[in-house]
Amino acid sequence: MIHKVTLIPGDGTGPEIMETVRNVVDATGAQIEWEVEEAGCDIMAKVGTPLPESVLQSIRKNKVAIKGPITTPIGTGFRSVNVALRKELDLYVCLRPCISYPGVRSRYQNIDLVIVRENTEDLYAGIEWSMNTPEAKEVIKLSKNKIREDSAVSIKPISKTGTSRIVKFAFEYALKNHRKKVTAVTKANIMKCTDGLFFEVAREIAKNYEGKIEYEERLIDNMCMQLVQKPELYDVLVLPNLYGDIISDLCAGLVGGLGVAPGANFGDTLAVFEAIHGSAPKYKGMNKVNPSACILSAKLMLEYLKETEAAKNLDDAIKEVFRKGESVTYDMKPFPNDPSAVGTKEMGEAIIKAMKNLSKVSALK
Ligand code: NAD
């Protein structure tokens with residue numbers, strides 16, 4: 001079956017990574033017809049918007065997309081295209097499996113955690129006002145002057161609807177993927193209304209899975225320490241947007257860094273696959289950064305498209321390249337300036353070669 005997939009190269013190191021991803025996915029034999037759509041800084045300079053309507057149209061039509069990272073200038077400039085895309089398409093789930101691969105250097109082994117991050121609410125809602133604006137002043141007045149007059153204000157919305165659908169997703173994922181436990185994580189002791197609601201709703205939903213999936217709660221500060229000290233105690237974590245973002249990077253660190261941490265965003269009918277990492281702009285055009293996180297995101301995409309064999313062959317090949325540790329990028333070597341490190345493109349080629357070799361071996365069996 002031919003699958004039509006929207007491919008967004010992104011900016012910074014995105015285009016070079018995504019070219020490698022495309023070559024690797026094509027080599028799996030899965031029949032993908034790519035529809036390339038530009039978003040980010042580079043297209044902004046040409047058409048005046050970092051997220052042209054055609055990108056959204058293409059994803060709505062094809063229902064599946066894979067994207068490279070996109071830069072968000074800090075403080076000024078446009079709002080995050082990544083956040084806008086998730087909101088526009090109501091991609092309310094951000095799924096980030098963090099799994100240890102043999103050969104990938106890390107202080108930890110045998111990590112097997114899944115982060116389920118809410119993608120549309122919380123402090124990411126983009127509802128904020130600068131100091132001295134009428135809106136900020138209004139909120140300050142509403143707070144009965146508990147907020148200082150010279151404050152900027154960001155709003156943190158957490159809804160019953162938003163929480164309910166993300167927690168349900170976490171439990172259903174746990175059930176389908178033979179996981180044992182879902183841990184909800186917030187700071188409900190301090191944010192009693194918003195994070196309190198998240199726990200309240202999660203508890204209600206957990207009742208439907210009693211006897212099948214265990215449910216527990218943790219506070220975010222304690223969770224950070226626990227994940228560093230005893231990550232083996234945890235399985236599937238479900239979190240509001242901001243905590244989910246931070247914990248994703250922490251868990252990426254447990255399995256060897258951002259270079260190997262994939263992800264996926266889901267709505268009810270749409271899916272956009274992307275790595276956790278950003279556009280690493282300082283390495284733009286240098287053929288240097290690790291394509292693995294995006295290739296592993298493509299593996300998740302192949303699974304989603306029910307290209308099970310292609311996904312497995314790709315996973316086996318990635319494991320082989322990691323295990324050998326030869327044709328890998330600088331971040332996977334013992335020292336960053338290791339002269340034996342290969343480039344983005346060459347690592348992709350090594351994965352394609354491993355796929356071919358492994359298929360020859362299995363044909364001989
Ligand atoms: P980053 O993830 O781009 O880089 C953080 C560090 O990790 C850097 O030292 C970088 O060199 C390293 N790194 C990142 N990806 C790597 C890879 N594939 N291989 C090897 N090393 C890698 O984070 P940042 O510097 O905070 O962000 C840069 C830009 O990307 C910002 O504008 C940010 O907003 C954006 N961003 C985009 C996304 C996305 O598109 N989903 C996600 C996160 C950040």
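Counting convention: from 1, in listed order, for ligands and their atoms alike.
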**Request:** Inspect the contact between Glu200 and Arg203 and indicate whether a charged nitrogen and a carboxylate oxygen are less than 4.0 angstrom apart.
**Result:** no

**Request:** Report the hydrophobic cluster partners of Leu358, with the cluster defined as I, L, V, M, F, W, Y residues connected by side-chain heavy atoms closer than 4.5 angstrom, directly or transitively.
**Result:** none

**Message:** In this structure, would Leu91 and Ile276 fall into the same cluster of hydrophobic residues linked by side-chain contacts under 4.5 Å?
**Reply:** no

**Prompt:** Do Asp331 and Arg105 meet the salt-bridge criterion of a basic N to acidic O distance under 4.0 Å?
**Reply:** no

**Prompt:** Does a side-chain N-to-carboxylate-O contact under 4.0 Å join Lys141 and Glu149?
**Reply:** no

**Asked** Name the residues in contact with ligand 1, where contact means a heavy atom under 4.0 Å away: which are they?
**Response** Lys67, Pro69, Ile70, Thr71, Thr72, Asn82, Arg86, Leu258, Glu274, Ile276, His277, Gly278, Ser279, Ala280, Pro281, Lys282, Tyr283, Val289, Asn290, Tyr330, Asp331

**Message:** Salt bridge check, Glu320 against Arg323: does any charged N sit closer than 4.0 Å to a carboxylate O?
**Reply:** yes

